[in-house]
Amino acid sequence: MDYSKTFYLPKTDFPMKANLNQREPEILKFWEDINIYKKIIDKNKGKEKYILHDGPPYANGHIHLGTALNKILKDIVVKYKSLCGFYSPYKPGWDCHGMPIEHQVFKEMGKKKNEVDILQFRKKASDFAKKFANIQKEEFKRLGVFGDWENPYLTLSPSYEEDIIRAFGILYISGYIYKTYKPIYWCITCETALAEAEIEYYEKKSPSIFVKFRIIDDKGKNIGEDSYFLIWTTTPWTLPGNTGIMVHPDFDYLVIIDGNEKLIIAEKRFEEIKKISGKDLKIYKKYKGKELYGILCKNPLIERESKVICADIVSGDEGTGCVHTAPGHGEEDYYVGLKNNLPIISPVNEKGEFTDEISDFKGINVFKADKLIINKLKENNFLFYSGEILHSYPFCWRCKNPVIYRSTKQWFLKVDYNNLRETMLDEIKKVNWVPSEGINRISSMISLRPDWCLSRQRLWGVFIPIFYCENCGKDILTQEILDRLCELVRKYGSDVWIEKEANEILPVDFKCPDCGSNKFRKEMDILDVWFESGVSHISVLKEENDLSWPSDLYLEGSDQHRGWFQTSLITSCAIFKKPPYKTVLTHGFVVDGTGRKMSKSLGNVITPDEIIKNYGAEILRLWSIFENYQEDIRISEEIIKNVVNGYRVIRNTIRFLLGNLYDYKREFEIPYDKLFEVDRWAIEKLKLTVRKVTENYEKFAFNKVFEEIYNFCNINLSSFYLDYLKDRLYTYSKNSLERKAAQTVLNKVLINLLILIAPILSFTAEESYQFIPFEKKESIFLEDWPKIEQEDKDLLERWDKFFEIRKIVLKKLEEKREEKIIGSSLEAKLTILSDKDTYEFLKSFYKLNTLFIVSEVEIKESDKFEIKVEKTKNKKCQRCWIYFPQVGKNESFPDLCEKCIDVIKSDFS
RNA sequence: GGGCGCGUAGGUCAAGGGCAGAGCACCGUGCUGAUAACGCGGGGGCUGAUGGUUCGAAUCCAUCCGCGCCCA
């Protein structure tokens, strides 16, 4: 007889095959239709806040795996906190100004910086940034990220620009801002400052000269008369700007005899210099580099001292080991010069000609001056050797001419003003850095960082709000001016700085406080974009945005220790004396399957789009937390395959749970103490899982969250409990305690499971939630996080012992299966011989055979432990497939067991 | 070149001086009432390399190699 119509198989429309790429857009639409983000926010209104402040991605292209990873991690945190009942609004933002966009827009226009109408250009750049902010917005939404997408913050919006200007103004007025010389890349043909991105490197032939700097004060080192430091340079024209000579503190330096003269060079370079010059040089004395510190030399070209200083950037592989230092003409020279208080001299105008400062070469192009300088050095006997060299040199990306380092006045934020550096170093310690190594990184950076250069000679950004008196040159910004300007910017955007004359912005009849003049000009440099994002905490974390300062969490890639974490810390500590964050969480970088970074040239780039198309955003979400994201995160076909596998296990578990709840209703719930012991065990395991999962969410250890959930589904449910439960679910009477108790547990497991996975597997949690066939909330995201309950440790320990025995049983069963004695485990009869304790222990389990999924278990006391497996002699019940001695004894139902006969009679007649 | 990290099975992760482990993949197998599902069993490792400390090292120390981020 066919009994297939007489039992309760799982029934659900929740599909086994996820088909994520098709289904996700439907779920997104559902969320949009019910406005899920607002409903979550409304649900938690008035509760404790948890504010994750979004670091703005740069709006100049499509998202990549790194940006996707970052947004997904943020989304997981916000969803988790929201489910836990926190009021956790998420306001995404975009970084819209800056060089890369400027660069790309110039390219599109086919023009360069000084060929464009500024306002027209800025309009184009603005459109460009908005376009990509919108593209990225859609891409982020596609990932299932919830947030206030209708009201993001953009650094180019007038209100944000106003906040940038106000923040700068506050810092200026309180004394943090000053102006001084700093070398920058400069193209003397285009007469413009260049950014690093506008530099191309080519081979260039340059002079290579060794020059003698006469010692005028050896600080009592007794080096002797007619002594010189020998330096090497490939840019003779920078010699007039020389103010120092670097030596390595740990190198040995030799005083060598060259005729009547003595020369100082590094010992490491001695042989090489002897070879180059072809001279017979003799060693006279030896000094450690650090002993030479402070010796004064004379610049061989002009009347200026040159001081010997120590720096460990000095190379022992080229030159003389004594390095010509012109702080006005090089980045390294500049920083070393700052540290040692060397004057920064840059006697070169914007055309690349020497200024009045160098009377001998006034008006001469620096590159043309090289030859003249070499000749003059030779004439005056300061040239030791002269040759030529082919080396890599920076060129202008536009005109392809070699560029120079030229010092111009730049605006700075002083890090050592008002104890700012100490404040930051103190406050850093109060922040929770996750992982904890982050504190080392940011601390060492803060303790070493130089003043922050805030000005850029660019077009796409917010102008530095400073006026200059045309008469006396004084820089001017008062509270009154700042307030007026902020009002204008709020109304018209930062373009107003260009649109209006200085006098239209300044208060009526404003006069220079120093000289009384009424003529002013505006600063035309813009602010470093890092300053813009660095004040996001001021602009965004406001009451009017429903947010609050400081934020609970910043969550970005580990590169932001140098970037946003630091710039935000500076502005925040300068203005409020406190960091804008309580916790800083960092993640690593996405690399390929072999651990190498992704790049076009390596050809190993994988895009979020490919993953979404082939597998779905859900897989991307799961991948994001599948590995330990605090280190580098690898991605490869194989890894994605693993992720998909993990996903399938969860999905199938959910499907089985749903399928067995098709006829369940909440009022059927069986109270805990009426459940069978094995059901209580399942509940205790669930409690344990909920607790561990929650702990790991709290620690942001999302890969462990998944591991816990996965192991629960796989080891506790799939391998044991659900397999065992099939008999009770399928074959017992619809309203039996066996079935109802099982369903009670399954219902509890299902709803808890869905909540636990919802922050990560949002699509699947929602999709399956909608298949729950009885009364529920509108969305899984409106549920409450399960309460943490202490699990019953005694019960769990008792069952751990059971599982130890079960493991042996399973192995024995497999042996008999191999011997072809049994197939299905239900064909088996177990005999377990054991000591009294174990005997009593086993005896205490209800229907032990069903727990092992065998037909018969016989337990006996014995002095040895042994498990025997044989084929049962009973007959198989055709309905429940268990072998019973009673099968065949009933005439009406000769192929059924007693229980099944009862069920058929009660449920199907 | 410097700073901060990382390196354990094919991949993802555990073990932090005392027998190197888990689930996945793989192989074998059962079931055909979770079926592109589910169950059971199995093989797989010179713990990046080389030295050292120790009775004993994946673990502590040193050097090196490879990879990532930041800086020069």
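The sequence lines fix the lettering, A, B, ..., with proteins before strands; numbering per chain opens at 1.
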Visitor: Is the NZ atom of A:K692 crowded by more than 12 outside heavy atoms at less than 6.0 Å?
Guide: no

Visitor: I want to verify a distance call: between B:rC13, B:rU35, B:rA34, whose nearest atom is closest to the A:E707 side chain?
Guide: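 So the side chain of A:E707 is nearest to B:rC13.
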
Visitor: How about A:W564 and A:Y554: are their ring centres within less than 6.0 Å of each other?
Guide: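 Yes, they do, as the ring centres are separated by less than 6.0 Å.
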
Visitor: For A:F852 and B:rC40, what is the distance between atoms CZ and P respectively, to the nearest whole Å?
Guide: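 The answer, rounded to whole Å, is 14 Å.
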
Visitor: Answer with base, sugar-phosphate or nothing: what part of the nucleic acid does A:Q630 contact at a heavy-atom distance below 4.0 Å?
Guide: nothing

Visitor: Flag this pair as yes if the NZ/CZ of A:K268 is under 6.0 angstrom from the six-membered ring centre of A:F251 and inside a 45 degree cone about the axis; otherwise no.
Guide: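 Cation-pi check for A:K268 and A:F251: passes.
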
Visitor: Measure distances between side-chain N and O atoms of A:R441 and base N and O atoms of B:rC70, and say whether any donor-acceptor pair falls under 3.5 Å.
Guide: no

Visitor: Looking at A:Y730, I'd like to know whether one of its side-chain N or O atoms comes within less than 4.0 Å of OP1 or OP2 on B:rA34.
Guide: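 Checking A:Y730 against B:rA34: at least one side-chain N or O falls below 4.0 Å of OP1 or OP2.
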
Visitor: Kindly say whether the aromatic ring centers of A:F720 and A:F803 come within a distance under 6.0 Å.
Guide: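 Centroid distance A:F720-A:F803: below 6.0 Å, so yes.
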
Visitor: Quick one: look up who B:rA14 pairs with, Watson-Crick or G-U, both distances under 3.5 Å, and put none if it's unpaired.
Guide: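 Check on B:rA14: unpaired, no WC or wobble geometry under 3.5 Å.
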
Visitor: Any Lys/Arg nitrogen of A:D663 or A:R739 sitting under 4.0 Å from an Asp/Glu carboxylate oxygen of the other?
Guide: yes

Visitor: Take a 6.0 Å sphere around NZ of A:K641 and say whether it holds more than 12 heavy atoms from other residues, nucleotides or ligands.
Guide: no

Visitor: Check for me: is A:F589 stacked on B:rG68 by the 5.5 Å centroid and 30° plane-angle rule?
Guide: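 The base of B:rG68 is not stacked with A:F589 (the test needs centres under 5.5 Å and planes under 30°).
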
Visitor: With both distances under 3.5 angstrom, what nucleotide forms a Watson-Crick or G-U wobble pair with B:rG23?
Guide: none

Visitor: Taking NZ from A:K726 and C1' from B:rU35, how many angstroms apart are they, rounded to a whole number?
Guide: 10 Å

Visitor: Ignoring backbone atoms, test whether A:N440 places a side-chain nitrogen or oxygen under 4.0 Å from the OP1 or OP2 oxygen of B:rG5.
Guide: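 Affirmative; the distance criterion is met.
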
Visitor: Report the nucleotide, chosen from B:rG39, B:rA36, B:rG5, that has the shortest atom-to-atom distance to any side-chain atom of A:R817.
Guide: B:rG39

Visitor: Can you tell me if A:S719 touches the phosphate of B:rG39, counting only side-chain N or O atoms and a distance under 4.0 Å to OP1 or OP2?
Guide: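 A:S719 to B:rG39 OP1/OP2: side-chain N or O found under 4.0 Å.
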
Visitor: Which value, in whole Å, describes the distance between the P atoms of nucleotides B:rU59 and B:rG52?
Guide: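 Comparing P positions in B:rU59 and B:rG52 gives a spacing of 14 Å.
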
Visitor: From CD1 of A:I715 over to C1' of B:rC24, roughly how many Å is that when rounded to an integer?
Guide: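 A:I715 atom CD1 is separated from B:rC24 atom C1' by 11 Å.
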
Visitor: Which is true for A:K17 with a 4.0 Å heavy-atom rule: it touches a base, it touches only sugar-phosphate, or it touches nothing?
Guide: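 Since a base atom lies under 4.0 Å of A:K17, the category is base.
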
Visitor: In whole angstroms, how far is the C1' atom of B:rC67 from the CG atom of A:L602?
Guide: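 So the CG-C1' distance, A:L602 to B:rC67, works out to 12 Å.
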
Visitor: Rounded to whole Å, how long is the line connecting atom CG of A:D632 with atom P of B:rC70?
Guide: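 Nearest whole value for this atom pair: 11 Å.
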
Visitor: To the nearest angstrom, how far is A:E818 atom CD from B:rC27 atom C1'?
Guide: 13 Å

Visitor: Is the count of non-hydrogen atoms from other residues, nucleotides or ligands lying under 6.0 Å from A:R596 atom CZ greater than 12?
Guide: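 12 or below, so no.
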
Visitor: So what does A:S718 hit on the nucleic acid, given a heavy-atom distance under 4.0 Å: a base, only sugar-phosphate, or nothing?
Guide: base

Visitor: With nearest nucleotide decided by heavy atoms, which residue, A:K641 or A:V591, maps closer to the 5′ end of RNA chain B?
Guide: A:K641

Visitor: Quick check for you: among B:rC24, B:rG33, B:rA14, whose closest atom lies nearest to any side-chain atom of A:N642?
Guide: B:rC24

Visitor: For B:rC24 and A:N714 - does any side-chain N or O of the residue sit under 4.0 Å from the phosphate oxygens OP1/OP2?
Guide: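 Answer is yes, contact under 4.0 Å.
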
Visitor: Can a side chain N or O of A:S825 be found less than 4.0 Å away from OP1 or OP2 on B:rC31?
Guide: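 No, outside the criterion.
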
Visitor: Which part of the nucleic acid, if any, lies within contact of A:R596, taking any heavy atom under 4.0 Å across all strands shown: a base, the sugar-phosphate backbone alone, or nothing?
Guide: sugar-phosphate

Visitor: Contact class for A:K812 vs. all strands (heavy atom < 4.0 Å): base, sugar-phosphate, or nothing?
Guide: nothing

Visitor: Only pairs with both distances under 3.5 Å count, Watson-Crick or wobble alike; so what is the partner of B:rG44 in this structure?
Guide: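 Pairing partner, where one exists within any strand: none, as none qualifies.
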
Visitor: What nucleic acid atoms does A:G595 come within less than 4.0 Å of, heavy atoms only: base, sugar-phosphate, or nothing?
Guide: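 Since only primed, P, OP1 and OP2 atoms lie under 4.0 Å of A:G595, the category is sugar-phosphate.
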
Visitor: Is A:E738 paired with A:K899 through a side-chain N to carboxylate O contact shorter than 4.0 Å?
Guide: no

Visitor: Now, which nucleotide makes the Watson-Crick or G-U wobble pair with B:rG1, with each of the two distances under 3.5 Å?
Guide: B:rC71

Visitor: So what does A:R449 touch, heavy atoms closer than 4.0 Å: a base, only the sugar-phosphate, or nothing?
Guide: nothing

Visitor: Take A:L722 and A:E437, find for each the nucleotide of RNA chain B with the closest heavy atom, and name the residue whose nucleotide sits nearer the 5' end.
Guide: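 Result of the comparison: A:E437.
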
Visitor: Within the pair A:K816 and B:rG30, is there a side-chain N or O less than 4.0 Å away from OP1 or OP2?
Guide: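 A:K816 to B:rG30 OP1/OP2: no side-chain N or O under 4.0 Å.
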
Visitor: Tell me which nucleotide, if any, is Watson-Crick or G-U wobble paired with B:rG7 when both distances must be under 3.5 Å.
Guide: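 Base-paired to B:rC65.
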
Visitor: Would one find a side-chain N or O of A:K811 under 4.0 angstrom from OP1 or OP2 of B:rG42?
Guide: yes

Visitor: Starting from P on B:rG23, measure out to CD on A:E627 and report it in whole angstrom.
Guide: 20 Å

Visitor: Both distances below 3.5 Å, Watson-Crick or wobble geometry, any strand: find the nucleotide opposite B:rC31.
Guide: none

Visitor: Base, sugar-phosphate or nothing for A:Y335? Non-hydrogen atoms, less than 4.0 Å.
Guide: nothing

Visitor: Across the strands shown, which category fits A:L810 at heavy-atom distances under 4.0 angstrom: base, sugar-phosphate, nothing?
Guide: sugar-phosphate

Visitor: Looking at A:N703, does any N or O in its side chain come under 4.0 Å of the phosphate oxygens OP1/OP2 on B:rC13?
Guide: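 Answer no for this pair, as no side-chain N or O of A:N703 is under 4.0 Å from OP1 or OP2.
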
Visitor: Does the side chain of A:Y405 reach to within under 4.5 Å of the side chain of A:P394, using non-hydrogen atoms?
Guide: no

Visitor: Please report, rounded to the nearest Å, how far the P atom of B:rC4 is from the NE2 atom of A:H561.
Guide: 13 Å

Visitor: Taking any strand in view, what nucleotide pairs with B:rC60 in a Watson-Crick or G-U wobble way, both distances under 3.5 Å?
Guide: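 Check on B:rC60: paired to B:rG52, both distances under 3.5 Å.
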
Visitor: From C-beta outward on A:R562, which listed nucleotide comes closest to its side chain: B:rC69, B:rG33, B:rC70?
Guide: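 Nearest to the side chain of A:R562 among the choices is B:rC70.
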
Visitor: Need one value for A:G659: base, sugar-phosphate or nothing, where a base atom within 4.0 Å counts as base even if backbone is also close, heavy atoms only.
Guide: nothing

